[in-house]
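Report on one structure; see the data block that follows.
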Amino acid sequence: MTSDVELALDLPPDLVHAGVGVHGSAGPHEVFRLPHLWQLHLYGYSGTLEFGGARHPIRPGHLSLVPPGTEVHFHYDAPRCEHLYAHFRLPGDGERRRVPVMRDAGADAAVLSGLLRQTIRASAQSPSRASAELWTVLWRITGLTDAGIDPSESRHPALRLAMAHIEEHLADPLSVPGIARAAGVSHTHLTRLFREDTGHTVVGYVRHRRMARARHLLIASTLAIPAVAATVGIPDLQAFNKTCRRELGASPRAVRNAAGA
């Protein structure tokens, strides 16, 4: 009984066709196969997808990925059933990402629908852009399903809000009460969530994220060190140097010089 498929996403997909499929008017049951193409469907109806001896319930907001050469049976619960679809090849042969054949996209269904509609619109004008849009969709789907790729899926919603707020405001003054307000929880609750999930205090996590960004800017850019310090919310150069030594093990200049050695 097949429940998962593997996607090789090291190269962009080769999109052959994308559109809005309307089914059910010819009868409650259809059978077909795409010998050489993957099928991605995002459903707006209820029914059943059957192949390889397995039956997968279809509900609005569900999505399916069916590999090439697979005979599929669709059972429709209504005379008019719509879904967004993309038929494509995967030319990559690198690391595989395992995803379920069928899953509920949940809160991401609206985002995926928007991305697929962009894919459909682009397919008539720019095949390269359409493939890029679909590539984004496929990577997003792997994030829905693989806790090793996207551990935030299992995190407390307040913790996700807090982390997003921190990431968006690293250049600004950040206080624990302010972050807690943005996350909609108490100072005490937020502290506990951070301790349980990251092992850091809230302040320690903010410092860690600031220095991760500082390290990137020191290594990858020619931005002046005072500007790097201001960009990560530590405009006092003495404090920035102290934090850099504590978190990165060297002064800002040494971190930059070591990367260029």
Side-chain angles (χ1 to χ4, degrees), residues 9-12 92 94-95 97 107-108 111 115 132 135-261:
L9 298 178
D10 51 315
L11 294 175
E95 180 183 352
R97 305 284 175 166
D108 278 64
V111 174
L115 290 170
W135 203 13
T136 300
V137 171
L138 295 173
W139 272 111
R140 183 140 193 155
I141 289 170
T142 68
L144 289 175
T145 59
D146 189 337
I149 297 170
D150 189 2
S152 69
E153 287 298 309
S154 61
R155 283 177 171 150
H156 192 286
L159 186 63
R160 294 202 300 268
L161 285 172
M163 288 177 166
H165 179 80
I166 290 167
E167 212 64 29
E168 292 170 10
H169 295 88
L170 284 180
D172 306 322
L174 284 167
S175 69
V176 178
I179 297 167
R181 282 194 299 273
V185 294
S186 70
H187 176 299
T188 303
H189 190 193
L190 186 69
T191 300
R192 181 175 62 78
L193 289 174
F194 267 89
R195 279 288 193 191
E196 290 176 352
D197 188 275
T198 71
H200 291 289
T201 63
V202 181
V203 171
Y205 179 82
V206 170
R207 182 171 60 244
H208 172 72
R209 293 307 303 154
R210 280 177 164 157
M211 297 316 295
R213 183 173 294 183
R215 182 178 186 277
H216 165 69
L217 292 172
L218 289 168
I219 291 173
S221 80
T222 60
L223 197 64
I225 288 174
V228 172
T231 298
V232 300
I234 313 176
D236 182 289
L237 278 180
Q238 186 174 355
F240 180 65
N241 271 274
K242 182 178 178 180
T243 306
C244 198
R245 289 178 184 278
R246 175 179 174 178
E247 294 291 317
L248 304 182
S251 69
R253 192 170 302 280
V255 171
R256 174 164 280 174
N257 289 343

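It should be emphasised that the depicted structure is a prediction, and the values quoted were computed from it without experimental measurement. Only this structure's heavy atoms are used, side chains among them; waters, hydrogens and symmetry mates stay out.
In this structure, CD1 in I234 is found 4.5 Å from OG1 in T243, a value given to the nearest 0.5 Å. Atom CG of L248 is separated from atom CE of M211 by 4.5 Å, given to the nearest 0.5 angstrom. The CG atom of D108 lies 9.5 Å from the CG atom of L115; values are rounded to the nearest 0.5 Å. Atom CG of residue D236 and atom NZ of residue K242 lie 10.5 Å apart, to the nearest 0.5 angstrom. T222 OG1 to L217 CG: the interatomic distance, rounded to the nearest 0.5 Å, is 10.5 Å. Note that the OG atom of S221 and the CZ atom of R256 stand 5.0 Å from one another [nearest 0.5 Å].
Counting all heavy atoms, side chain and backbone alike, L190 lies closest to A183 at CD1-CB, 4.4 Å. Nearest approach of C244 to S251, heavy atoms of both residues: SG-C, 4.0 Å. In terms of heavy atoms, L9 sits closest to W135 at O-NE1, 3.0 Å. Heavy-atom minimum distance, A229 versus L237: CB-CD2, 4.1 Å. Across T191 and V176, no two heavy atoms sit closer than the pair OG1-CG1, 4.5 Å. For the pair G92 and D10, the tightest heavy-atom approach, listed with the atom from each and the gap, is CA-OD1, 3.3 Å.
In R215, the CZ atom is not crowded: 12 or fewer heavy atoms of neighbouring residues, nucleotides or ligands sit closer than 6.0 Å. More than 12 heavy-atom neighbours from other residues, nucleotides or ligands sit within 6.0 angstrom of CZ on R192. With a 6.0 Å radius and a threshold of 12 heavy atoms from other residues, nucleotides or ligands, E196 has its CD atom above the threshold.
For the pair R209 (side chain) and V232 (backbone), a donor-acceptor distance under 3.5 Å is absent. Distance alone, capped at 3.5 Å, is enough to place a donor-acceptor pair between the R213 side chain and the E167 backbone.
The aromatic rings of H200 and H208 sit parallel, their planes meeting at an angle under 30°, below the 60° perpendicular limit.
Within the 4.5 Å cutoff, no side-chain heavy atoms of I179 are placed close to those of H169. F240 places none of its side-chain heavy atoms less than 4.5 Å from the side chain of R210.
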Walk me through whether T201 and F194 qualify under side chain to side chain contact (heavy atoms under 4.5 Å, CB included). CA-CA 6 Å; T201 63; F194 267 89; over 6 Å; no
